[in-house]
Amino acid sequence: MKYDSQKKLMTYENPIDCIEDYIYKYDLDSFRDSVNDLSLLYKGLWDSYNINVSWDEFNKIINIVSYFDFKKKCKVSKNIYSLISIINEKIKLGYFNYSSKLETVFFKYQVSVKGQNILTIEQIESFLDVVISECDRFFPVFYLYFFKKQDPEYALKTSLIDTHGQA
């Protein structure tokens, strides 16, 4: 990897190298699964999020997936898909989904870098910020759904407060 004179631009062969170098500064727990995969643990507002960053070299896409790690496993009703659908309407970038195989909710965000051989620090900060902020924003909703009442309306109404005006 090479930096420009202001240490803002990074040229790369594999963007996972850039991302790994960037997060190394913040002393995050990370593990390089393979040449194209990086896993890290990020402490958010509500919980620590397992984030997997992978590089799709053929399509030139960086995939970022954050899994919620709910300790208590419980039987999940089909209402989870209604809840996720309502939440996804409120998100501008990325989406939530439920994996029945892993029995967890995850957030997925994809960044296309086709035609670019430069990745800026601001880009890395931006896409990691999107993932963390959306996970922090909706963690209480999923927590209430899984541990209190499996009712999407209850979880949304109790967790999300939309503010209007200025304080």
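Since this is a predicted model, take the numbers as computed values, not measurements. We use all heavy atoms of the structure for the numbers below, so side chains are in, but hydrogens, waters and symmetry mates are not.
Comment: K114 does not engage D56 in a salt bridge, judged by the lack of any side-chain N to carboxylate O separation of less than 4.0 angstrom.
The CD1 atom of I51 lies 5.0 Å from the CG atom of L40; values are rounded to the nearest 0.5 Å. A distance of 12.0 Å separates OH in Y143 from CZ in F146, rounded to the nearest 0.5 Å. Here the OH-OG1 distance, from Y22 to T120, works out to 10.5 Å after rounding to the nearest 0.5 Å. The distance from the CD atom of Q110 to the OG atom of S112 is 9.5 Å, given to the nearest 0.5 Å.
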Next item on the list: Show your reasoning for whether side chain to side chain contact (heavy atoms under 4.5 Å, CB included) applies to D17 and R32.
Entry: CA-CA 10 Å; D17 296 333; R32 189 75 180 254; 2.9 Å; yes
Next item on the list: Starting from the C-alpha separation in whole Å, work towards a yes-or-no answer on side chain to side chain contact (heavy atoms under 4.5 Å, CB included) for D47 and F139.
Entry: CA-CA 8 Å; D47 197 16; F139 181 86; 3.7 Å; yes
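Within a 6.0 Å sphere centred on OH of Y42, heavy atoms belonging to other residues, nucleotides or ligands number 12 at most.
Using a distance-only test at 3.5 Å, with no hydrogens or angles considered, no donor-acceptor pair links the side chain of S100 to the main chain of E103. Within the 3.5 Å criterion, the main-chain N or O of V35 finds a donor-acceptor partner in the side chain of N14. Remark: side-chain polar atoms of K90 are not paired, donor with acceptor, to backbone N or O of I87 under 3.5 angstrom.
The closest side-chain heavy-atom distance from S39 to N50 is not below 4.5 Å. Contact of the L83 side chain with the V141 side chain is registered, since non-hydrogen atoms from C-beta on lie closer than 4.5 Å. Considering only heavy atoms from C-beta on, V65 stays 4.5 Å or farther from V131 through its side chain. Side-chain contact between D33 and F31 is present, with heavy atoms from C-beta onward closer than 4.5 Å. The closest side-chain heavy-atom distance from I19 to W55 is not below 4.5 Å. Between K108 and N52 there is no side-chain heavy-atom pair separated by less than 4.5 Å.
Listed here is the closest heavy atom pair of S30 and I23: CB-CD1, 3.8 Å. Residue Y145 comes nearest to I80 through the heavy atom pair OH-N, 3.0 Å, listed as atom of the first residue, atom of the second, then distance. Residues I62 and P15 come closest through the heavy atom pair CD1-CB, 3.9 Å.
Applying the ring pair (Phe, Tyr, Trp, His ring centres under 6.0 Å) criterion to F127, with sequence neighbours excluded, gives no partner residue. Looking at residues two or more places apart in sequence or on another chain, you find a side chain to side chain contact (heavy atoms under 4.5 Å, CB included) between S48 and L41, K43.
For N88 and S85, the side-chain atoms include no donor-acceptor pair closer than 3.5 Å.
I64 and I61 end up in different hydrophobic clusters when Ile, Leu, Val, Met, Phe, Trp and Tyr side chains are linked at under 4.5 Å. No continuous path of hydrophobic side-chain contacts links Y95 to L156 [ILVMFWY only; heavy atoms under 4.5 Å].
Pairs of residues two or more places apart, or lying in two chains, that qualify as salt bridge (charged side-chain N to carboxylate O under 4.0 Å, His left out) and include a residue from residues 124-136 are E134-R137.
Each of F138, F106, F68 was checked for a ring-ring contact (aromatic ring centres under 6.0 Å, His included) with Y49, and the lone residue meeting it is F68.
In this structure, F107 and Y109 have parallel ring planes: the angle between them is below the 30° cut-off, well short of the 60° mark.
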